[in-house]
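Here's the structure, in structure tokens; my notes come after.
Atom set for the values below is all heavy atoms of this structure, side chains included, hydrogens, waters and symmetry mates excluded. Here the structure is a predicted model, which means the values were calculated and not measured.
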Amino acid sequence: WCFGSAPYAVVENKGAAKGKTLQVYHNPDHPYNIDLYRRILAQAINHVEQHLSPYPFHQVRLYEIPYYQEPLYAFANGIAISEKDGWIADTTGLKERAYLYQTLATGVFRHWIQKNLSIANVQGADMLRIALPEAFALQFVQSALGEEAVNLLIEQKKQIYNKDRFSDPNGEPPLLYADGKDYLEANHGAVTLYEWSKKMGVDSFNRLVLAWHQQTGALTFQSLYRELSEALPGKDLEELKRAFEAVIAEH
């Protein structure tokens, strides 16, 4: 549950995405990118329905929140984004637009994952909760804005990862054993999953996730990894093992 209160202005758009209602709750002094936000949300929902399965809600609400909170979180039919993350930004540049596309789409994909995957609370859970929706969002950016846009995001994620990994007091674990390290899952983990989706073919990767989530019981990242492993030939399998089971010195 999430409770919030603010003197919001509300912009609503009905039917823009497969009959869904989109609502943007924002500071009345920050109206600059509302149309862009609505367009991104509609495109992201349509992408989910085209490449995965139906988006789980009839309504999605986007909220502007204070900068001192988490920069992004998603719950039920809501996505909350900090006021410093795009609401008053100049979005004429590709890098800035790509960031907003990726951020909003991550929230939409988190909705799909929250509704469709029963994730076991064990080691690797955040590779499903955090890295997987980020990887799906990178797919979306590539589809919506092209290769240059997604490469800008990947480079930014690699820079954050390389900066933060050296300040981890306990040392960096392999992706297969990641456990609540945001710099790892949201950056290195997301990029690695995205790169493997491209190597396998995005449609093949997405079909694998769809088939995997239809299994009964709580799901683990290790079980998804086994599915990935079984889908690959020898050379690619060795590369996959290095990517997920080893800590690589330089990126």
As an exercise, state the distance from [atom1] of [X] to [atom2] of [Y], rounded to the nearest 0.5 Å.
X	Y	atom1	atom2	result
Arg242	Thr192	CZ	OG1	13.0 Å
Asn121	Thr220	CG	OG1	12.0 Å
Phe136	Thr106	CZ	OG1	11.5 Å
Leu153	Lys158	CG	NZ	12.5 Å
Leu117	Arg110	CG	CZ	13.5 Å
Leu224	Leu193	CG	CG	7.0 Å

Taking C-beta and beyond as the side chain, do [X] and [Y] meet within less than 4.5 Å on heavy atoms?
X	Y	result
Leu210	Leu52	yes
Leu22	Ile45	yes
His51	Asp203	yes
Leu41	Asn13	no
Tyr161	Val191	no
Leu175	Met127	yes
Pro173	Leu184	yes
Leu228	Phe205	yes

Answer yes if [X] and [Y] sit in the same cluster of Ile, Leu, Val, Met, Phe, Trp and Tyr residues linked by side chain heavy atoms under 4.5 Å apart, and no otherwise.
X	Y	answer
Val108	Ile130	no
Leu36	Leu72	yes
Ile88	Leu62	no
Leu100	Ile160	no
Val202	Tyr101	no

Is the side chain of [X] donor-acceptor paired with the backbone N or O of [Y] at a distance under 3.5 Å, no angle test?
X	Y	result
Lys20	Ala42	no
Arg61	Val24	no
Tyr8	Glu64	yes
Gln139	Ser197	no
Asn33	Ala89	yes

Do we see a donor-acceptor contact under 3.5 Å between the side chains of Glu245 and Tyr225?
->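 Side-chain D/A pair, Glu245 to Tyr225: present.
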
Residues Asp85 and Tyr99: side-chain donor-acceptor under 3.5 angstrom = yes

Can His58 and Thr21 be said to form a side-chain contact (heavy atoms from CB on, under 4.5 Å), step by step?
-> CA-CA 6 Å; His58 296 295; Thr21 297; over 6 Å; no

Identify the heavy atoms of [X] and [Y] that sit nearest to each other, and give their distance.
X	Y	answer
Tyr67	Ser82	CA-OG, 3.2 Å
Trp87	Ile81	NE1-O, 3.2 Å
Ala190	Glu134	CB-CB, 3.4 Å
Leu232	Met200	CD2-CG, 3.9 Å
Asp236	Trp196	O-CH2, 3.1 Å
Ile113	Leu128	CD1-O, 3.8 Å

Salt-bridge test for Glu155 and Lys95: reply yes if a basic N is under 4.0 Å from a carboxylate O, no otherwise.
->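 Answer for the salt bridge query: no.
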
Between Asp168 and Arg165, is there a side-chain N and carboxylate O pair less than 4.0 Å apart?
-> no

Aromatic ring pairing Phe57/His111, orientation class (parallel under 30°, perpendicular over 60°, tilted between) =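 Geometry flag for His111 against Phe57: perpendicular rings.
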
Classify the angle between the aromatic ring planes of His47 and Phe109 as parallel (below 30°), tilted (30 to 60°) or perpendicular (above 60°).
->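 Aromatic pair His47/Phe109 classed perpendicular.
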
CA sep, side-chain torsions, deciding dist, call: Gln156, Gln102, side-chain contact (heavy atoms from CB on, under 4.5 Å) | CA-CA 12 Å; Gln156 183 181 43; Gln102 200 264 342; over 6 Å; no

How far apart are the C-alpha atoms of Leu237 and Lys241, what are their side-chain angles, what is the distance that settles it, and do they pass the side-chain contact (heavy atoms from CB on, under 4.5 Å) test?
-> CA-CA 6 Å; Leu237 180 57; Lys241 286 177 177 287; 4.0 Å; yes

How about Glu227: does its CD atom have over 12 heavy atoms from other parts shown lying under 6.0 Å from it?
->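 Buried by this count: over 12 neighbours within 6.0 Å.
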
